Amino acid sequence: MRATTRPSWTWTIEPPDGWLVVPSTATEPADAVRAWESEVVEALLESFLPGGAPAPAGPDPDADHVATVRSSLAQTVGSLVTFADEAATEGARAMAGVGLLDRGPVPLLVTVGMGDPDESDDVFMTVLGAKGGNPVSPPGIEYPDLPDGDGIKVTRVDIDEATGGAWVSVAAGRRTEFPDGVVDTALVWRSQDLVLVPTILDVIVDLLPAVKIIRSPL
């Protein structure tokens with residue numbers, strides 16, 4: 001992302017082990033996205049089936065099972081790219097966690113935006129889910145210590161009016177101040193997989209340092 005009215009600045013994601021930066025067809029060449037999908041599917045297949053797919057040396061009773069697992073993983077990885085395509089606006093990217101409670105890749109939205117120091121933080125708090133919510137069960141807000149900015153973590157539960165099902169979101173944010181502006185980083189996970197909430201709560205704040213804010217000197 002590049003600001004147009006302030007000194008040049010950019011941001012990058014350097015994910016730790018167990019996390020992927022998901023490419024989007026809106027920002028990357030289609031052949032590069034396809035190659036990424038293929039590599040990730042085979043890597044995941046290795047983790048689901050130690051030893052990977054058996055060598056094609058005659059009939060194999062497990063061949064159908066391997067094909068089924070590969071097909072399922074391909075659909076999951078394709079869904080990640082679709083999610084990344086939807087998120088690929090300026091200042092937004094997608095990440096995915098691998099190996100969290102034996103789930104498939106878990107998608108996470110990363111957004112970064114720059115504003116004026118004197119502006120209200122209402123937009124930032126809204127992105128994190130700290131505004132509004134169910135009055136019976138309001139968002140839970142914590143303020144973790146971060147080495148590179150002011151941190152906030154928000155846990156929120158909403159009820160789908162159409163289905164009555166519960167949606168939970170966990171978000172972690174960081175506000176980094178510069179002399180002429182502030183940069184807000186937000187990581188947001190939203191799902192109906194309530195069992196995964198404690199795991200996401202444990203890892204989401206640790207992901208904030210993976211988002212690097214880079215700017216040229218004033």
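Since this is a predicted model, take the numbers as computed values, not measurements. For the single chain, residues carry numbers from 1 onward in sequence order.
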[X] side, atom [atom1]; [Y] side, atom [atom2] - distance, nearest 0.5 Å:
X	Y	atom1	atom2	answer
Trp189	Ile204	CH2	CD1	9.0 Å
Leu20	Trp36	CG	CH2	5.5 Å
Leu45	Leu73	CG	CG	6.5 Å
Glu177	Asp184	CD	CG	9.5 Å
Leu207	Met95	CG	CE	5.0 Å
Ser137	Ile159	OG	CD1	8.5 Å

With clusters defined by side-chain heavy atoms of hydrophobic residues (ILVMFWY) lying less than 4.5 Å apart, directly or transitively, does [Y] cluster with [X]?
X	Y	value
Val21	Val106	yes
Val81	Val98	yes
Val112	Ile13	yes
Val183	Leu208	yes

So do [Y] and [X] actually touch side chain to side chain, heavy atoms under 4.5 Å?
X	Y	value
Pro107	Val22	no
Val205	Leu146	yes
Thr76	Arg103	no
Met125	Val154	no
Thr185	Trp11	no
Arg175	Ile152	no
Arg174	Val211	yes
Leu100	Ile200	yes

So, the side chain of [X] versus the backbone of [Y]: is there a donor-acceptor pair under 3.5 Å, distance only?
X	Y	result
Ser47	Leu44	yes
Ser79	Gln75	yes
Thr82	Gly78	yes
Arg156	Leu128	no
Thr68	Asp64	yes

Grab the two heavy atoms, one from [X] and one from [Y], that are nearest each other, plus how far apart they are.
X	Y	value
Ala88	Ser24	CB-OG, 3.3 Å
Ala96	Pro105	CB-CB, 4.1 Å
Pro209	Asp206	CD-O, 3.2 Å
Val188	Ala171	CG2-CB, 4.0 Å
Val41	Ala74	CG2-CA, 3.8 Å

*asked:* Looking at Asp102, I want to see if its CG is surrounded by more than 12 non-hydrogen atoms of other residues, nucleotides or ligands under 6.0 Å.
replied: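 Open: at most 12 neighbouring heavy atoms sit under 6.0 Å from CG of Asp102.
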*Over 12 foreign heavy atoms within 6.0 Å of CG, Asp202*: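 Atom CG in Asp202 is crowded, with more than 12 foreign heavy atoms closer than 6.0 Å.
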